[in-house]
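The shown structure was predicted, so the numbers you read here are calculated from the model rather than taken from an experiment. Throughout, a chain's letter reflects where its sequence line sits, starting with A, and its residues are numbered from 1.
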2 protein chains.
Amino acid sequence: MGSGRRAGTEDSKTRSLLLDATEKLMLEEGYAAVSSRRVAATAGVNAALVYYYFGSMDDLFIALFRRGAQRSLDRQAEALASDQPLWALWESTHSLTNTALTMEFIALANHRKAIQSEIVSYSQKFRSMQLDVMSVVLKGYGIDADSWPPVTVMLLMSAISRFLLMEEAFGIDAGHAETVALVEHHLQQLEGERRAGHR
Amino acid sequence: MGSGRRAGTEDSKTRSLLLDATEKLMLEEGYAAVSSRRVAATAGVNAALVYYYFGSMDDLFIALFRRGAQRSLDRQAEALASDQPLWALWESTHSLTNTALTMEFIALANHRKAIQSEIVSYSQKFRSMQLDVMSVVLKGYGIDADSWPPVTVMLLMSAISRFLLMEEAFGIDAGHAETVALVEHHLQQLEGERRAGHR
DNA sequence: GTCTATAGCTGGATAGAC
DNA sequence: GTCTATCCAGCTATAGAC
C-alpha cells in the first residue's frame with residue numbers, strides 16, 4: 001500500500017540509478033515519458049528491475065517524491081535557521097529545478113490518488129515548519145499580525161515564486177523583473193541588504 | 001501542422017460532442033485518460049471519428065484549448081469593461097472550473113511542443129489585454145506606477161488566485177481566508193464595496 | 001540481483017465498406 | 001459522415017532461468 005520499497009536495500013546503487021533516471025525523464029520529457037522500459041534504459045539496467053525494487057510504477061513515483069521531499073525539508077530547515085530567514089526562504093523557494101519536478105508531481109497527482117495524498121501530507125509538514133518560524137520572525141521585525149498574518153506572508157511568497165517559475169518554464173517573463181524587485185524591496189526593508197551564501 | 005480542423009464543419013454536432021467529452025475526461029481523470037477510444041465512448045460515437053474531425057490527438061487537444069481560450073478572452077473583455085474592473089478581474093480569475101482545465105493543459109504542454117506554443121500565444125493576448133486596462137485603471141485610482149507597476153499588480157492577482165485554486169484542488173486551504181481577505185481589502189480601498197453581478 | 005521471455009492490454013492511426 | 005476491421009507499437013507486470 002504505497003510503501004515504496006519492495007526489495008533491495010535502501011541504499012542500493014541500482015535503486016538510486018533508477019530514481020535518478022526517473023527524475024531525469026520527468027524533467028526532460030514529462031511524467032508521461034516515464035515507463036519501466038525507458039527508466040531502465042536510461043539507467044542502463046534491465047526493465048524488470050524496476051518491479052524488483054519498487055513493485056509498481058506508482059511506487060516508483062512515490063519513492064522519487066519522498067526522496068525529493070526529504071531533501072526539500074532539509075534545505076528549508078537550513079534556510080529557516082539562517083540569520084536572514086526571509087531572504088533565505090525566498091531563495092530556496094525560487095529554486096528552478098525543484099519546482100519543475102514539483103509541477104510534474106502535481107500533474108501526476110490529478111489522476112493518481114496515492115500520489116496526491118503523499119503530496120498533501122508533505123505539504124502540511126513543509127508549511128507548518130515555515131509557519132512556526134515565520135510567526136516568530138515577523139513578530140521580531142515588529143510586523144502587526146492583523147494586517148500581515150504570518151500565514152499570508154508565507155502564501156504570498158510561495159505563490160509569487162511558483163507562478164514566476166511556471167511562466168519562465170514557458171519562456172514568459174514579462175513583468176517578472178518588476179515583481180521580483182517589489183518582493184525584494186520588502187525583504188530589504190525587513191532584513192536589510194541580502195548577504196551572500198544562503199545556498 | 002497544428003491547424004486543428006481536418007474535416008467536418010466547425011459547428012458540427014459530433015465535433016462539439018467530441019470536444020465536450022475530451023473536456024470532461026480531462027477534468028475528471030486527467031489528460032492521460034484521454035484516448036481516442038475513451039473520448040469516442042464518452043461522446044457516444046465511433047473512435048475513428050476523432051481522426052476524421054481532428055486528424056490526431058494533438059490536434060484534438062489544441063482545438064479544445066482554443067475553444068476554452070476564446071471563451072476566457074470574451075469573459076475577460078467583459079470583466080475589464082465593468083465599472084469595477086479590479087473586482088471583476090479578481091472574480092473571473094478565481095473561477096474554479098477554468099483553472100482546473102488550464103492546469104491540465106500546462107501539464108500537457110510540458111511534453112507537447114505544439115500545445116506549449118499555443119498556450120504561450122494565448123497568454124500573451126490575455127496579458128496584453130489585461131495590461132492595457134490595468135494601466136489606465138490604476139492611474140485613475142491615483143496609484144503611483146513606480147511603487148506599484150500595473151504589470152506587477154496583474155501578476156500578483158493572477159499568482160495568488162491560481163495558487164489558492166491549485167491548493168484547493170488538493171483539499172488544502174490553510175491561510176486562504178486570511179489571504180483572500182487581504183486582497184479584497186485592497187480592492188475595497190481602490191474600488192469601494194464590491195457590487196453584485198460581475199458574472 | 002539480474003536477466004529473458006512472454007502474457008495481456010491499450011493505445012494511435014489508417015483502409016475501406018456503407 | 002459513420003462504421004468495422006486491422007496493423008503495429010508500447011505499456012505493466014509476472015514467471016522463471018541463471
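Residue pairs meeting the side-chain hydrogen bond (donor to acceptor under 3.5 Å, both in side chains) criterion with at least one partner in residues 38-49 of chain A, sequence neighbours excluded, are A:E29-A:R38. Within the structure, every pair that satisfies the ring-ring contact (aromatic ring centres under 6.0 Å, His included) test and touches residues 22-46 of chain A, not counting sequence neighbours, is listed here: A:Y31-A:H111, A:Y31-B:Y31.
Looking at B:E184 and B:W90, their side chains do bring a donor and an acceptor atom within 3.5 Å of each other.
What separates CD of B:E29 from P of C:dG11 is a distance of 11 Å, to the nearest Å. Distance OH (A:Y51) to C1' (D:dG16): 17 Å, rounded to an integer number of Å. Counting to the nearest Å, the P atom of C:dG12 and the OH atom of B:Y31 are 13 Å from each other. Taking atom CG on A:L25 and atom C1' on D:dC11, their separation rounds to 14 Å, with Å as the unit. Between B:M57 atom CE and C:dG11 atom C1' the separation is 9 Å, expressed in whole Å. Between A:D11 atom CG and C:dG1 atom C1' there is a gap of 15 Å when expressed in whole angstrom units. A straight line from CZ of B:R37 to C1' of C:dT14 spans 12 Å, rounded to a whole angstrom.
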Which pairs would a plain distance check flag for residues 158-166 of chain A, meaning a side-chain donor or acceptor within less than 3.5 Å of a matching protein atom at least two apart in sequence or in another chain?
unit_1, atom_1, unit_2, atom_2, d
A:S158, OG, A:M154, O, 3.1
A:S161, OG, A:T93, O, 3.4
A:S161, OG, A:H94, ND1, 2.9

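Remark: B:F170 engages no residue in a ring-ring contact (aromatic ring centres under 6.0 Å, His included) (not counting sequence neighbours). Taking the side-chain contact (heavy atoms from CB on, under 4.5 Å) definition, one finds that B:R37 meets it with B:S35, B:A47, sequence neighbours left out.
Taking only side-chain nitrogens and oxygens, A:S35 never comes nearer than 4.0 Å to OP1 or OP2 of D:dG10.
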Polar pairs (N or O, both sides) under 3.5 Å between protein and nucleotides 2-4 of chain D?
unit_1, atom_1, unit_2, atom_2, d
D:dT2, OP1, B:T14, OG1, 3.1
D:dT2, OP2, B:T14, OG1, 3.3
D:dT2, OP2, B:Y53, OH, 2.8
D:dC3, OP2, B:N46, N, 2.8
D:dT4, OP2, B:N46, ND2, 2.9

